[in-house]
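Take a look at the structure set out below.
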Amino acid sequence: MEISLEGKNALVTGGSRGIGKSIALTLAECGANVAITYARSADAAEEVKRQIEERGVQGMSLQADAKSTDKAAEVVETVTDEWSGLHILVNNAGITRDNLLLRMSKEQWSEVIETNLGSVFNYSKAAARSMMRNGGSIIHISSVVGLTGNAGQANYAASKAGIVGFSKSLARELASRNVRSNVVAPGYVETEMTEEVGEKVLDQIKEQTPLQRPAKPEEVARCVAFLASDLSSYITGDVMKVDGGMGM
Ligand code: NDP
C-alpha cells in the first residue's frame with residue numbers, strides 16, 4: 001500500500017530547511033503540489049521549490065513571516081487561487097529562544113508564543129474556510145516537550161502544548177466538514193535547530209531515548225504524509241509522537 005496525494009495541494013510553513021523541507025519533499029514525492037513559506041532563507045526556499053518540481057509536481061515558495069495574520073491570509077489566498085483549492089496544511093514553522101524562567105525576557109516569551117502558536121492560529125484560520133468546501137487535513141508540528149515540559153524551555157513547551165489543545169478543538173469544530181486536525185510531536189530531530197546542543201546534551205538525549213539516536217527529518221515527514229493522506233481518514237484530534245520512545 002502506497003501513500004498517494006495525487007491531485008492534492010499542500011502548504012507547509014517554514015519549508016526552507018530542516019523538518020519542513022523534508023515534509024515538503026515527501027509530500028511532493030507522494031504526488032501533491034507543494035507550496036512552502038519561509039522567513040529569511042530565500043535561496044534555500046527557492047532550492048526546495050526546485051526539488052519539489054523535480055518530483056514532477058508544482059512548487060511555490062513564498063516569503064511570509066508566520067507571525068503575520070494578514071500575510072497568512074494572503075499566502076493561503078495565493079495558493080488556493082493558483083491551484084484551485086487547498087487540501088493539506090502543515091503548520092511547521094517554529095523557533096526556540098531557550099532560557100530558565102527567572103532569566104527569560106518578555107521578548108523571548110512573546111517571540112516564541114507568537115511564532116510557534118500564533119502562526120498555527122493564523123494559517124489554520126485562513127485555510128479552514130477553503131478546506132470546509134472540499135475537506136482537508138491539517139497537521140501541526142508540536143514537540144514531545146509540549147507533552148512533558150523541559151527545563152529552560154517554558155516558552156517553547158507552552159507554545160507546543162498550546163498547539164495540542166488548539167488542534168483538538170479544531171478537530172471537533174471541523175469534523176462535520178470532513179476537515180481533520182492532528183498533531184505530530186517529534187522528539188529530538190537532527191536539524192539546524194538542534195545542531196548546537198553539544199556532545200553532553202546529545203548523550204543525555206540518547207540515554208533518554210529507547211531507540212538511542214536522534215530522528216532524521218524524513219522519519220517525521222513520513223508520519224505527516226500518512227496523516228495528510230486518506231489512509232488516515234478515521235484519525236482526527238490525535239497526537240502522534242515520533243520520538244524513538246522518549247516521551248512514553
Ligand atoms: P529549523 O530551525 O531547522 O527550521 C525552521 C523553519 O521555520 C525554517 O524554514 C524557517 O525559515 C522557518 N521559520 C522560522 N521562523 C519563521 C517565521 N517567523 N516565519 C516563517 N517561517 C519561519 O527547525 P526544525 O526543522 O528543527 O523545526 C521545525 C519544526 O519542528 C518547529 O516547529 C520545531 O519546533 C519542531 N520540532 C523540532 C524538533 C527538533 O529536534 N529539531 C523537535 C520537535 C519539534 P527560514 O529558513 O527562512 O529561517
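Count residues from 1 along the sequence. In each ligand, atom 1 is the first atom listed, and ligand 1 is the first ligand listed.
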Can you give me every donor-acceptor pair (side chain of residues 162-170, partner residue at least two apart or in another chain, under 3.5 Å) with its distance?
from: Ser167; atom 1: OG; to: Ser181; atom 2: OG; distance (Å): 2.8
from: Ser169; atom 1: OG; to: Gly165; atom 2: O; distance (Å): 2.8

Under 3.5 Å, is there a donor on one side chain and an acceptor on the other for Asp238 and Asn182?
no

Can you list the steps and then say if Glu74 with Lys71 is a salt bridge (charged side-chain N to carboxylate O under 4.0 Å, His left out)?
CA-CA 5 Å; Glu74 211 179 282; Lys71 201 77 194 172; 3.4 Å; yes

Without swapping roles, check the side chain of Ser142 against the backbone of Lys160 for a donor-acceptor pair under 3.5 Å.
yes

List by chain and number: which residues place a heavy atom under 4.0 Å from ligand 1?
Gly14, Gly15, Ser16, Arg17, Gly18, Ile19, Tyr38, Ala39, Arg40, Ser41, Ala64, Asp65, Ala66, Asn92, Ala93, Gly94, Ile95, Thr115, Ile141, Ser142, Ser143, Tyr156, Lys160, Pro186, Gly187, Tyr188, Val189, Thr191, Glu192, Met193, Thr194

Close side-chain approach of Ser119 and Asn91, heavy atoms under 4.5 Å:
no

Between the side chains of Gln208 and Gln204, does any donor sit under 3.5 Å from an acceptor?
no

